[in-house]
Protein chains: 2
Amino acid sequence: MTYRSEADFLKQYNARDYDSPLVTVDVAIFTLHEGALQVLLVERGDFPHKGRWALPGGFIDIHSDDDLDACAHRKLKEKTGVAAPLLEQVCSKGNGLRDPRGWSVTALYMALIPHAPTADFVASVNDARWWPLDQLGGIELAFDHRSLIATARERLKNKTAYTVLPVHVLKRPFTLTQLQRAFEQLMDATLEKKSFRRRILNAEILEEVGEGIPEGGRGRPAALYQPATGSEQHLFARVFGEGL
Amino acid sequence: MTYRSEADFLKQYNARDYDSPLVTVDVAIFTLHEGALQVLLVERGDFPHKGRWALPGGFIDIHSDDDLDACAHRKLKEKTGVAAPLLEQVCSKGNGLRDPRGWSVTALYMALIPHAPTADFVASVNDARWWPLDQLGGIELAFDHRSLIATARERLKNKTAYTVLPVHVLKRPFTLTQLQRAFEQLMDATLEKKSFRRRILNAEILEEVGEGIPEGGRGRPAALYQPATGSEQHLFARVFGEGL
DNA sequence: CTGTATTGTTGGCTAACTGCCACTATATAG
DNA sequence: CTATATAGTGGCAGTTAGCCAACAATACAG
């Protein structure tokens, strides 16, 4: 079939002939709680993989989602009621095996939020719960979500090394020690106290807002910090390690 | 409709009811030539956007493409005949406006290869040519490809700062000065000669393979290098700036 | 053959940053 | 008051980065 113009083409076009993959968006929502990195999972209520645990996500609604990011924000909000400041795309994966319904593509996002009990979230979601990453070995996950979680966790680790991403996981205000613990847990490494403080404070991204002892804490009161006003852009950008 | 089991579900499932987005893969293939960063574009022979310049790419073939990466490799090879060592996913973009046919998602990849005239590529592709990035202002690009090129170029710049990615754009062997020029063009910055050499040589990713004067060059002959055997994994990994 | 231009390579200095560890400060528990 | 726990600082040695000048090896003009 030949067309004479764009308008002519579009008038005759429809998508029926394409064997098109399914497209989903999945969101790995991470938090730190009780010393463990946790991810929010939902127990699937429908086939396929009914009863297994899955990342919040699903099909794009092409009638209401303006774009992929908006779709991810919608899915995050449906499950947590939170409009997370840190929600970003990790990658997309697609193949013919990951979903029994056929060739499918998922756009994987990750979010980082301060911990709250799932009961505090939107009431209708009662099959959602936080799972510590090191307890995922024993449960059945839907689709390729075990692999997706691993990919998102890896990205989280890498970005932590050169941004101040961990501030998103803390309730404000926070102490430098709490921030260091967050860095350490997300990076899966231990950091030297003095060096850490030097770098964070030299970066001039935090402002001091008094001092106090965090609840349940002991010892000398610590200075309390929050992201400096006007530094919101820094919360997403490279802060450490300019490279070459 | 309710199902009694996974098998029952799958037997009755079909995808026709979903208003599913179109899915494409686009590849931004970059090279350096005559001091300019260039991208390979193809003149579209069909509607929509017939006659405009576009990134190599198109629909996934769910019958022959094993996964997204394989699809990207196929599209790269169709246009260049090259199996590029550096081909990686940048991001995915999806919305209802980028393609006149409707809501669509594209998985954007970028590749970096040494320059060769497009005539050296697969003969059947005669509407492909290299475009210097700074000359794209004057031509008509298809879909949102101007934006996709900008996104890929940004990723290229960022990754150059902490990897040895520019070695992929040079014919081997190369001199340290050539490598420095490649870094500078990809990062859009100037680097200090001694510091650059220190870091590159300390990283122990190059091996010396004699010396000579690159064609058309003047002055003292330079040591020639190529990626050290067994260092292929380093060509993709973070080399500079360990972060925290 | 000699001088000059051009490019490659190295030495060495200062300033900044990092890792390390000990020391001081301020709270609570008993 | 004493012991313990946590917060914050001082200071040094080793490493790295930026800077720039000196030196080396070639081509080419005359």
Side-chain angles (χ1 to χ4, degrees), chain A residues 35 160-164 166-167 170-185 187 189-226 238-244, chain B residues 35 160-164 166-167 170-185 187 189-226 238-244:
Chain A
T160 302
Y162 58 87
T163 66
V164 284
V167 303
L170 297 177
K171 297 182 182 67
R172 298 170 188 183
F174 47 81
T175 70
L176 288 185
T177 300
Q178 290 173 322
L179 184 58
Q180 182 176 344
R181 295 286 168 270
F183 267 90
E184 289 175 333
Q185 287 167 357
M187 293 176 71
T190 60
L191 301 176
E192 210 284 321
K193 183 168 58 170
K194 187 68 186 294
S195 305
F196 177 78
R197 285 162 174 262
R198 254 192 313 237
R199 290 189 72 159
I200 291 287
L201 295 177
N202 283 348
E204 295 186 3
I205 46 180
L206 300 182
E207 65 182 2
E208 201 175 334
V209 289
E211 66 174 34
I213 299 182
E215 51 179 303
R218 290 188 286 191
R220 172 174 167 178
L224 299 174
Y225 292 88
Q226 65 184 20
R238 169 177 295 258
V239 174
F240 307 117
E242 294 301 310
L244 278 182
Chain B
T160 301
Y162 56 90
T163 66
V164 285
V167 302
L170 297 176
K171 296 182 183 67
R172 299 173 188 180
F174 46 81
T175 70
L176 288 184
T177 299
Q178 290 174 323
L179 185 58
Q180 183 177 343
R181 294 288 167 269
F183 267 90
E184 290 175 332
Q185 288 166 357
M187 294 176 71
T190 60
L191 301 176
E192 210 284 321
K193 184 164 57 172
K194 189 67 187 293
S195 302
F196 177 78
R197 283 160 178 263
R198 254 193 312 237
R199 288 190 73 157
I200 292 288
L201 294 177
N202 283 349
E204 296 186 3
I205 46 182
L206 300 182
E207 65 181 1
E208 200 176 334
V209 289
E211 66 174 34
I213 299 182
E215 51 179 303
R218 288 187 288 190
R220 172 173 167 178
L224 299 173
Y225 293 89
Q226 65 183 20
R238 170 176 294 258
V239 174
F240 307 116
E242 294 301 312
L244 278 184

Assign a letter to each nucleotide of nucleotides 20-26 of chain C from its 5' end: B, base within under 4.0 Å of a protein heavy atom; S, sugar-phosphate only; -, no contact. BB---BB
Atom-to-atom span, [atom1] of [X] to [atom2] of [N] - whole angstrom:
{"X": "B/Leu224", "N": "C/dT7", "atom1": "CG", "atom2": "P", "value": "17 Å"}
{"X": "B/Arg199", "N": "D/dT15", "atom1": "CZ", "atom2": "C1'", "value": "13 Å"}
{"X": "B/Leu191", "N": "D/dC19", "atom1": "CG", "atom2": "C1'", "value": "14 Å"}
{"X": "B/Glu208", "N": "C/dT9", "atom1": "CD", "atom2": "P", "value": "8 Å"}
{"X": "A/Asn202", "N": "C/dC17", "atom1": "CG", "atom2": "C1'", "value": "9 Å"}
{"X": "B/Gln178", "N": "C/dT9", "atom1": "CD", "atom2": "P", "value": "11 Å"}
{"X": "A/Leu176", "N": "D/dT6", "atom1": "CG", "atom2": "P", "value": "16 Å"}
{"X": "A/Phe240", "N": "D/dT16", "atom1": "CZ", "atom2": "P", "value": "20 Å"}

Can you name the side-chain contact (heavy atoms from CB on, under 4.5 Å) partners of [X], sequence neighbours left out?
{"X": "A/Ile213", "result": "A/Pro221"}
{"X": "A/Gln185", "result": "A/Leu32"}
{"X": "A/Leu224", "result": "A/Pro173, A/Thr175, A/Val209"}

Ignoring backbone atoms, establish whether B/Arg197 has a side-chain N or O less than 4.0 Å from OP1 or OP2 of C/dT9. yes
So with a 6.0 Å cut-off around CD of A/Glu211, is the heavy-atom count from everything else above 12? yes
What residues form a side-chain hydrogen bond (donor to acceptor under 3.5 Å, both in side chains) with A/Gln226, not counting sequence neighbours? A/Glu207
Sequence neighbours excluded, the answer for salt bridge (charged side-chain N to carboxylate O under 4.0 Å, His left out) partners of B/Glu184 is B/Arg181
